[in-house]
2 protein chains.
Amino acid sequence: MAPGQTCPYTHRMPRNDARGGHTRGPSIRDVARLAEVSAQTVSRVSTGSDAVRQETRDRVLRAMEQLGYSPNHAARALRDGRFGSIGLLAHRFDRTGESMITDAVLRAAQAEGYGVTLVTVQDAAHDGWTPAANRLRHQTVDGLIIIRSEGHSTEQLALPTGMPVAVSDSRVHGVYPCVVSDELNSSRMAVDHLLSLGHRTVHYVAGPEDSEPARLRRAGWRTGLVQAGAEVPEPHVGDWTADSGYTAGTALAADPEVTAIACANDETAFGVLAALHEAGRRVPEDVSVIGFDDVSLSRFTQPPLTTVKQHFTTIGTQLFRLVMDQIGTPRTAEIPDVTVPTELVLRASTAPPRSASVSRAQTG
Amino acid sequence: MAPGQTCPYTHRMPRNDARGGHTRGPSIRDVARLAEVSAQTVSRVSTGSDAVRQETRDRVLRAMEQLGYSPNHAARALRDGRFGSIGLLAHRFDRTGESMITDAVLRAAQAEGYGVTLVTVQDAAHDGWTPAANRLRHQTVDGLIIIRSEGHSTEQLALPTGMPVAVSDSRVHGVYPCVVSDELNSSRMAVDHLLSLGHRTVHYVAGPEDSEPARLRRAGWRTGLVQAGAEVPEPHVGDWTADSGYTAGTALAADPEVTAIACANDETAFGVLAALHEAGRRVPEDVSVIGFDDVSLSRFTQPPLTTVKQHFTTIGTQLFRLVMDQIGTPRTAEIPDVTVPTELVLRASTAPPRSASVSRAQTG
DNA sequence: TGTTGCTATGTTAACGAGAACAACCCCTGG
DNA sequence: CCAGGGGTTGTTCTCGTTAACATAGCAACA
């Protein structure tokens with residue numbers, strides 16, 4: 001071989017062990033070599049093109065299996081500008097709502113051959129969602145699902161244009177496609193239930209101030225009371241946890257006037273229940289308690305918890321659907337908006353107050 | 001221009017709107033053109049190389065910002081054979097253990113600049129984990145964390161060689177790096193606690209037969225009884241749910257001989273508690289109940305549940321660490337194995353039996 | 001003044017896959 | 001016997017990025 005010329009056969013350096021133990025898998029070329037065909041033919045087999053003779057196809061398939069080949073996702077993504085994956089952005093994934101939605105999104109996505117990549121923001125108040133979303137733009141995803149529950153409402157969520165997105169937060173109504181439960185009316189429904197049992201008013205243990213669902217649920221409670229002409233007591237502000245419910249419940253238990261308590265969510269209600277029990281106030285004889293969410297354990301409290309059921313799985317499925325619709329077709333002017341219905345689940349934690357002499361004839 | 005020659009300026013076709021609305025973002029070349037430098041210089045800026053004059057760097061950064069550029073992840077992944085992402089494989093993500101581990105893994109991963117991609121298998125018994133894991137090989141991940149809880153133990157998990165992996169399943173001891181709680185001894189600890197209170201024996205509500213943790217916890221319970229010379233009653237087999245605990249609890253409540261019940265997990269214990277309460281058997285006066293996991297709500301049952309605390313967050317963090325260690329350095333012969341300690345959390349659901357006349361002097 | 005040595009920048013090639021096109025086979029029909 | 005055509009297979013090129021190498025500019029120094 002002439003000096004200064006590169007030998008074509010030693011040209012490709014083996015660089016498999018370059019990056020700490022993790023070797024690159026076999027490529028389409030390795031398969032091609034083994035099957036004695038061109039790379040393109042291998043590609044045809046792996047994309048399911050029909051223009052391959054049966055015998056050739058078998059040979060290629062055998063080679064693939066022998067090498068344990070599977071197509072490189074990054075190369076495909078680079079080539080066709082799609083990642084086959086969607087991002088799921090939330091504060092945390094270890095709570096009932098988020099984890100159920102996550103599971104549902106994942107199942108829906110996998111059914112359509114999409115992957116799901118998780119993203120959190122450490123401090124939503126400080127970092128905000130936008131940078132995280134932006135980082136994802138070229139990163140790895142074709143679309144984005146955002147579950148916002150805490151976060152300052154002042155911050156406007158700005159996403160790269162053209163990025164398919166679905167948000168579970170009613171604050172983006174009309175800006176981004178969104179899927180939510182009808183928090184406000186559901187909460188009102190809970191209050192109406194208690195009022196219709198004869199309670200004079202309903203006390204409230206709210207969620208954190210910076211949470212939109214918490215705000216809506218609280219507004220629903222208030223509206224229910226106001227429309228019924230009932231007194232509106234000062235709500236106790238919690239943070240979704242049973243702990244905060246316990247604290248609020250302890251205070252409420254001390255007030256003999258309290259006969260009905262609505263809670264921002266079930267966990268809070270669990271804490272309230274524990275506090276009432278500890279204080280010797282019976283549920284529902286002395287005090288009625290109602291929750292929100294219908295987590296799986298709500299059937300097993302003592303007494304079983306009356307609550308408003310949220311269909312998290314449906315929310316997750318719908319969120320994915322909205323994103324997929326945008327990936328499939330050019331964006332329409334119409335911004336879709338899905339409200340997932342809730343339902344009142346009557347169990348044993350609510351009952352008429354003992355002194356239910358005052359009949360409330362109102363029915364509207 | 002000579003015929004048959006392609007005009008260099010119209011060469012690149014605009015194909016942005018090709019795939020349904022979602023346009024490709026600006027590429028490194030767009031930035032280069034705007035900043036009037038070469039693509040390589042842009043690359044140098046975005047990888048933080050120092051060999052760029054300050055003035056040039058500023059010009060490039062300005063161009064990046066103006067175009068909203070961010071580097072294409074697929075291209076980078078293709079180029080250096082890394083995806084900057086790890087896979088997390090589990091049956092479901094909507095239960096306490098899985099969701100807490102998921103959240104911990106995600107936080108640890110993000111802290112090191114890694115993404116997390118979720119994967120489930122629809123039917124582990126049928127599909128098995130291996131195909132799912134294999135699909136991930138070239139797919140999108142540099143490493144893999146597997147949370148196995150159900151799945152037939154007969155199936156051996158075979159992973160592509162060289163794929164960094166960490167498994168939360170003691171069945172792969174010595175085969176793959178793994179992180180687990182010491183289920184067996186923890187469960188024994190729970191039984192010992194009850195026996196030491198004076199109970200003659202401890203009844204058991206087990207997890208599903210095809211779950212390894214369930215099997216270990218059950219074995220721990222049995223060992224505890226056998227070593228203490230106590231009678232070993234037939235366990236009730238549940239499926240981790242409060243529902244199954246309720247069913248078992250109803251049966252157990254009917255047997256006046258039963259004074260102590262250990263449960264495969266907290267949810268099951270919640271069901272048992274509900275059944276006992278409904279049957280009029282008091283806890284802990286008539287029957288002691290102990291759980292496993294220490295989910296957040298366990299403090300708020302009536303009475304508060306004595307249980308064995310699992311540190312899910314630690315498990316998640318450790319799993320990620322084990323995977324990272326393999327990505328960073330060539331694989332060592334030693335297969336690491338982490339056992340995360342548990343602790344007995346004493347609350348109010350366990351107490352000596354009422355007829356605690358039989359003193360058990362044994363101590364170990 | 002020409003060589004050396006450095007810094008800043010540009011050029012080339014390659015990562016793996018697949019669309020577009022070219023080329024080849026073999027068979028049929030004029 | 002050769003043109004035409006369908007069925008298979010191979011070649012080329014590109015996606016966006018960056019390592020490796022090449023080059024240009026300039027200062028220091030003998």
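Quick note on labels: first sequence line is chain A, next is B, and so on, each numbered from 1. Excluded from the calculations below are hydrogen atoms, water molecules and symmetry mates; all remaining heavy atoms, backbone and side chain alike, are included.
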**Request:** Would you please say whether a donor-acceptor pair under 3.5 Å links the side chains of A:Tyr114 and A:Arg82?
**Result:**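 Side-chain D/A pair, A:Tyr114 to A:Arg82: present.
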**Request:** Mind running side-chain contact (heavy atoms from CB on, under 4.5 Å) on B:Leu34 and B:Leu67 for me, showing each step along the way?
**Result:** CA-CA 9 Å; B:Leu34 182 60; B:Leu67 295 172; 3.9 Å; yes
Please list each protein N or O that sits under 3.5 Å from an N or O in nucleotides 26-28 of chain C, with the distance.
none

To the nearest Å, how far apart are [X] [atom1] and [N] [atom2]?
X	N	atom1	atom2	result
B:Arg76	D:dG16	CZ	C1'	10 Å
B:Arg79	D:dT17	CZ	P	12 Å
B:Ile28	D:dC15	CD1	C1'	13 Å
A:Asn72	D:dG16	CG	C1'	14 Å
B:Phe83	C:dC15	CZ	P	15 Å
B:Glu55	C:dT7	CD	P	19 Å

Not counting sequence neighbours, which residues clear side chain to side chain contact (heavy atoms under 4.5 Å, CB included) with [X]? List them please.
X	value
B:Leu118	A:Thr102, A:Leu106, A:Leu118, B:Leu88, B:Phe93, B:Thr102, B:Val116
A:Arg76	A:Ser46, A:Thr47, A:Pro71
B:Glu65	none

**Asked** Can you tell me if CD on A:Glu36 sees more than 12 non-hydrogen neighbours from other groups inside 6.0 Å?
**Response**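 12 or below, so no.
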**Message:** Between A:Thr317 (side chain only) and A:Thr313 (backbone N and O only), is there a donor and an acceptor less than 3.5 Å apart?
**Reply:**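 Between the backbone of A:Thr313 and the side chain of A:Thr317 there is a qualifying donor-acceptor contact (under 3.5 Å).
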List every contact pair, protein side and nucleotides 8-10 of chain C side both N or O, where the distance is under 3.5 Å.
from   : atom 1 : to      : atom 2 : distance (Å)
C:dT9  : OP1    : B:Arg53 : NE     : 3.3
C:dT9  : OP1    : B:Arg53 : NH2    : 2.9
C:dT9  : OP1    : B:Thr56 : OG1    : 2.4
C:dT9  : OP2    : B:Arg53 : N      : 2.9
C:dT9  : OP2    : B:Thr56 : OG1    : 3.4
C:dG10 : OP2    : B:Ser38 : N      : 2.7
C:dG10 : OP2    : B:Ser38 : OG     : 2.9
C:dG10 : OP2    : B:Thr41 : OG1    : 2.9
C:dG10 : N7     : B:Arg44 : NH2    : 2.9

**Request:** Output all residues satisfying salt bridge (charged side-chain N to carboxylate O under 4.0 Å, His left out) with A:Arg59, sequence neighbours left out; order by chain, then residue number.
**Result:**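 Expected list: A:Glu55.
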**Prompt:** Which of the following nucleotides, C:dG18, D:dT18, D:dT17, is nearest to the side chain of B:Ser27?
**Reply:**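 Shortest atom-to-atom distance from the side chain points to D:dT17.
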